[in-house]
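One-based numbering, in listed order, for ligands and for the atoms of each.
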Amino acid sequence: MELNLKGRVALITGSGSGIGRDTAFKLAEEGCMVVVSDINADTAHQTAEDLRSAGHSAMAVVCDVTKEEEVAHLVSRAQQYGGIDILVNNAGIVKDGYLTKMTEQAWDSVVDIILKGAFLCSRAVLPQMMEKRWGRVINISSRSLFGNPGQTNYSAGKAGLVGFTRALAQEQGRYGITVNAVAPGFIMTPGMRNLPHFSKLQEAATAKVPVGFLGEPRDISNAVAFLASDVARYISGTTVFVTGGRYSG
Ligand SMILES: NC(=O)c1ccc[n+]([C@@H]2O[C@H](COP(=O)([O-])OP(=O)(O)OC[C@H]3O[C@@H](n4cnc5c(N)ncnc54)[C@H](O)[C@@H]3O)[C@@H](O)[C@H]2O)c1
């Protein structure tokens, strides 16, 4: 299937590592010019450098997605490539704990990065997409939207992101812009592999996945690339679950 993404400009937040980094590579391999963005300067620059070494067009811009002025700077830097066609709202963190012990900071930081980040980045890039009458916003949600114990903040944020996706899809359809979400299940990112209890976690999670194995970042970036393409032009406001068949529980 020809995705026809050649020459498109893609901005991926939180693309210094994990799923975001692989999405940057996947979209670059499909011909996109990539704006790598992360709060972590070292990983953002490293990813962009690795992309350029592989022969792709990439720039790095350090940005905290919860800061309006940093998001404005990010979008203005992307003008160098002619403005953003594809926005992947990928930045996200976890700060797990049961609600009765959760600090206000743990609540605010998790929900802000997920929701305020998607709001600020989408608001900043949409005027350019509306002018071009073409655009893609892809929000990285999570299977946790169904509710995971110890993750009330994260589950609320990821479920909220699906509501955000549906509402924005209805606002933007008339401009040739689609808005969708991808909800990953357990994906074996380097961050996950480095967890001290990874092997226990892996065993427990694998047992719950109907297809019998855990996902890789490429499983997510393939879904993102599909949604970003013209092949998916009639898909908007939906959430694609990339979970190996596991939903709640
Ligand atoms: N890995 C999984 O199993 C899994 C499952 C479901 C959903 N997700 C979601 O996928 C996305 C990527 O997760 P990952 O596993 O690759 O995590 P990761 O920690 O490897 O990558 C997240 C990136 O976001 C960056 N970031 C954090 N705060 C930021 C901020 N304020 N502004 C900009 N960047 C910021 C981090 O520096 C990091 O590079 C997240 O939204 C996560 O919730 C991951």
Start with the C-alpha gap between V34 and H56, add the side-chain angles, then the distance that decides, and say whether side-chain contact (heavy atoms from CB on, under 4.5 Å) holds.
-> CA-CA 8 Å; V34 171; H56 304 301; over 6 Å; no
Counting from 1, what ligand 1 atoms have a heavy atom of [X] closer than 4.0 Å?
X    : answer
F186 : 3 (O)
I93  : 27 (C), 28 (N)
I113 : 28 (N), 31 (N)
Y154 : 6 (C), 7 (C), 8 (N), 9 (C), 42 (C), 43 (O)
G18  : 16 (O), 20 (O)
C63  : 32 (N), 33 (C)
D64  : 30 (C), 31 (N), 32 (N)
I140 : 9 (C), 10 (O), 11 (C)

From [atom], work out which of [options] has a heavy atom at the shortest distance.
atom                    : options              : result
atom 37 (O) of ligand 1 : D38, I12, N40        : D38
atom 11 (C) of ligand 1 : D112, I19, N90       : N90
atom 4 (C) of ligand 1  : G185, G191, S142     : G185
atom 35 (C) of ligand 1 : L145, I187, I39      : I39
atom 18 (P) of ligand 1 : P184, G92, S17, C121 : S17

Go through the steps for R136 and D230 under the test salt bridge (Lys or Arg N to Asp or Glu O under 4.0 Å), then give the verdict.
-> CA-CA 10 Å; R136 297 285 184 263; D230 279 326; 3.5 Å; yes
Does the protein place any heavy atom closer than 4.0 Å to atom 41 (O) of ligand 1?
-> yes
Which is it for [X] and ligand 1 at heavy atoms under 4.0 Å: side chain, backbone, both or neither?
X    : answer
T189 : side chain
R21  : neither
A183 : neither
M192 : side chain

Pair D112-T66, side-chain donor/acceptor within less than 3.5 Å |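 Judged by distance alone, the side chains do not pair up.
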Should [X] be counted as touching ligand 1, given the test is an N or O pair under 3.5 Å?
X    : result
T43  : no
K158 : yes
V65  : yes

In terms of side-chain geometry, is the basic nitrogen of E70 or R77 positioned less than 4.0 Å from the acidic oxygen of its partner?
-> no
Do the two ring centres, one from F241 and one from Y247, sit under 6.0 Å apart?
->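 Yes, they do, as the ring centres are separated by less than 6.0 Å.
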Consider ligand 1: state whether an atom of it lies below 4.0 angstrom from any non-hydrogen atom of T13.
->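 For ligand 1, residue contact (heavy atoms, under 4.0 Å) with T13 is absent.
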Check: N139 side chain, S141 main-chain N or O, donor-acceptor pair, under 3.5 Å = no
